[in-house]
> 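Can you keep this structure in mind? I'll have questions shortly.
Keep in mind that this is a model prediction, so the values were computed, not measured.
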Amino acid sequence: MKIPLVYTTIKRLLVILALFLSIDASGQQPIFKNYSIDNGLLSNEVYHVIQDQKGYIWIATGQGVNRYNGYSFKNYNQLDGLPDNTVLELFEDQKGRIWTVTLTGELAWIKNDTIKIYPYNDIVFKHNTEKRHPIKKSFYVDSLDNVYISFYDNNPIKIDASGSVAMLKSPEPNTSIIETITNDKIIFGCIKTPTSLVLKNPVIDNKSHNLTLRKGFRSVSCRYKRNILYSDLNRLYYFDTSGKLNSHNFEKQILWISEDRKGLLWISFLDNGVKAYNNFNFSESVYHFLPEYDISSVALDHEDGYWFTTLKNGIFYTPSLQLKKLTPGKNGVSENIDNILSFDEKVWFSGGSGKYFTYDFNKLETVNYGKPKNFGHSKMLKAFGDSIILSELNKGTFLIYKNQFKKISERYFSDAIRLKDNNIHLFYRRKSKKINTPYYTITEYTNFYEIYTVQLYKDNEVWLGTDRGLFRLNLKTKEIKEINSSKLLRNRINVILKDSKNKLWIGTQGSGLIKYGDTIEAHYKKEDGLSGNSINAIKLINDTLWVGTNHGITSAALINDSIQKTRITNITKGHGLPANEIHDIAFLNNSVFAATNKGVGFFPRNIHSHSSPLYITNFKISGKDTVLLKNYQLQHDQNYIEISFVSINYQRNKPIEYYFLMEGIDKNWRKTTDLKIQYPSLEPGSYNLRIKAVNSFGKTNSDEAQISITIKKPYYQTYWFYTITILLILLIIFTVFHIIFKFRLNEIDKRISLEKELNKSRQQALSTQMNPHFIYNSLTSVQNYILNNNALKSSEYLSKLGGLMRRMLDNSQHTYITLQEEVEALQHYVDMELLRFHHDFNFELDIDKQLNLHEIYVPPLFLQPYVENAIHHGLRLKKGSKQLKVNIFNSNEQVNIHIEDNGVGRRKSKEIQENLRSIHRSQGMQITKKRLKLFNKLYKSEFKVSAFDVNPVNQDTGTRIEIVFSPF
């Protein structure tokens, strides 16, 4: 903007305001987090901290050892198997074993959560004759399992893997070595007399150097840039690369010396915290941290975070020394900072209470422009040309020029723009004013929504972000148009940025980041990699978009004007920001400054980000822990599994996001923040579990954690079982078929045999019924009719005889015939006998009308023998009235045939037969009985024949034959 010509007329007022200017150089500090017994440490008395190869933090305390994975502390103490609870030092050997060096010098190591006591502790104990504690940083284990350890007032020893001891004696007479291993090199520190020390440097020149010792001797050593450092109370000795011995005296006693991989030398002091030095420049420290604590060790982890152990106050952790916090004010109170900008080679930021701050990497200044009790909170800080406009909540808007102030409005503005004519438009939350007096002009727009941000798009076109969405304002026509093409644009809009291609990047309150052209071209949110969905600041520099959200800062490299998830880095409180709620962002000298609700944090623009290692920590089968393997072969009833895992990341303030995919079950990756997943009932099959983690930087670990799992089928689902089962089934089928076949053959043989016997018996029956005696008698009867000139009777008799013989011969050709055919044959036979005996007896045939004789099958020639027996052995021998009845009826679904005569009876007939020695008819009955038995067997029928006396009391009054069978 143009500097007003009458500026001098108000100079006095500005000078008066400038009297409140004050300078405060309280400076910058990283963010520290303190871990104590309240967080899970075994003790606040901490002696040493290391990070192992996997990334776990190991902490030696006065009550045992802690292992920390970023989530929780695991404890190891004497109850778990340590030889002593006071652990002074930790060491990881090449096999991944964590060695513990205790106060008494007893050793143990920890691996896979198992504690092993060093088998030669008795040798160590015997060597420590003075019962002194081990010297700090003098313990070492090489690749051959040789153990080196040194105690105060005694020579160090070397114990090999078999237990053989070698004492490392000083080459000087009457001296003792007190310092041994450092980075695979031996430093000889030899006590010659109670008041002198001989140091030898075999790495450089192997020369002896006599030094004077003081009362209360304490030593610690290290290597720094190929130089060897050695301390004696507050005096530091160091050999340079030429072999020259140098020394430096500090005000406080030295507790710790170490070099980190960044080339910094860390020295801690009694009652004065820890300092970092560079290149032996001890006149000025690079850092001075925790001055009120006794720091016992320093460790730099794989994420560039630092760990500082203390003797009384646990352990302190800072995520990064790259991220710092500005703490203005005498007491370092963090203020809520809404706005920040880069101006005049400084960073300017405003907080509240009538003051603003500037910082140039050397000095932090606080500038008061009003009485704190009369001022509220700064809402806007904007630079135009060589001036700054500051808007304050209660007292209005001020113009700042060369630390001079002028109040230009009684009201505060939410944002401002400058046109080509250098006129500045200040936007109220609900109105717009155009400045234009000798210095400005104000134009008001009333009855409008609350404005949060403005962006000049063209000469007279302004985009407005309001609590009701996106609007476009034409400054000439005063027309305001609502952009409501999407409901996303009707949310509250906090910030708008125009890029070089006239695309708008719009930050919403809770709905993420929108890229807008003529319409919405892209929409990014937390699921796409943003740190949060409420966007408060957007800056674009060198094709990198910096986005301040309610959950940190997102740095996204633009590729083809688009954000890609793989090119996103998130910086949060976990990395060292004062808070996650980011209000504004500014840049100065390749550094990023973030205004937060708890002060200002800043860090290098090219801050290093990295992924975090991911490990599977446990594998449970049916609720039981197992040995960790890459591949599991499990039985079918071992299908309830639980897998625990952890991604080691200390720079976080929220749970890490884990993604897992069980190949064989899942088609898509599933997300969780838990540290374990369960599969309660895996079906038999092969599976491959893949797990990856996205850390607080938004980086995915490069190597997925994987486990292959095979659930074997139960034996009854295996191929060999199927094969054996099929073979057994085939064998059983074959056996059954063979048995059935044999059975059928036997049945067929039996049937054939039965049929043969039946045919034979049928022929016998025919022969008995068509025997020569019957034919002779029949022909004799015909002859008598002829001799008596009874041609009609003889002709009738011959006709019946021929019909009977034809029927008998025809029926005898069949295995079975209908009952109707059998009855007709029987009727012919009885008619023949009636003619033969001149109707000497009466014959009665009674058939149940409900019976269909054509559907009932019987053996042929089976009734005639019983009727013939009744005629010849019952009726023929009787005198008087002779009756023969045949009754056929149905009873209980069975066919009943009763043949009853009133002859002489069974007893009388038997006597007569015996006297006559005649067995002809009894043979016919025997043959019929045999035939029925054969018929029953062959056709599974059941013909039952029973003989009864008609009168059981008087057995000479007749016989009844009862035949019962079921139709078939």
> Not counting sequence neighbours, which residues clear side chain to side chain contact (heavy atoms under 4.5 Å, CB included) with I123? List them please.
Y120, I159, V165
> Do D260 and Y306 have a side chain donor and acceptor closer than 3.5 Å?
yes
> What pairs with Y47 under side-chain hydrogen bond (donor to acceptor under 3.5 Å, both in side chains), at least two apart in sequence or on another chain?
E45
> Are N618 and E642 packed together at the side-chain level, in the sense that at least one heavy-atom pair is separated by less than 4.5 angstrom?
no
> Among residues two or more places apart or on two chains, list those pairs meeting salt bridge (Lys or Arg N to Asp or Glu O under 4.0 Å) that have a residue in residues 64-75.
R67-D113
> Determine the sole option in W58, F73, Y56 for which the ring pair (Phe, Tyr, Trp, His ring centres under 6.0 Å) test with Y68 is passed.
F73
> With sequence neighbours excluded, tell me which residues meet side-chain hydrogen bond (donor to acceptor under 3.5 Å, both in side chains) with T673.
none
> Quick one: closest heavy-atom pair of D93 and Q53, and the distance?
O-NE2, 3.6 Å
> Assess, by modelled atom type and distance only, whether the side chains of N112 and T114 contain a donor and an acceptor separated by less than 3.5 Å.
no
> I'd like to know if the side chain of T104 pairs up with that of E106 as donor and acceptor (distance under 3.5 Å, no hydrogens or angles considered).
yes
> Would you please name every residue forming a side-chain hydrogen bond (donor to acceptor under 3.5 Å, both in side chains) with S612, sequence neighbours left out?
N649, N695
> With no hydrogens and no angle check, just 3.5 Å: does a side-chain donor-acceptor pair link S296 and T309?
yes
> Run the side-chain hydrogen bond (donor to acceptor under 3.5 Å, both in side chains) test on N69 and Y615 for me, step by step, so that the C-alpha distance in whole Å, both residues' side-chain angles and the decisive distance to 0.1 Å come before the verdict.
CA-CA 11 Å; N69 61 8; Y615 301 106; over 6 Å; no
> Going by the rule side-chain hydrogen bond (donor to acceptor under 3.5 Å, both in side chains), which residues pair with D145 if we only count those two or more places apart in sequence or in a different chain?
K95, R97
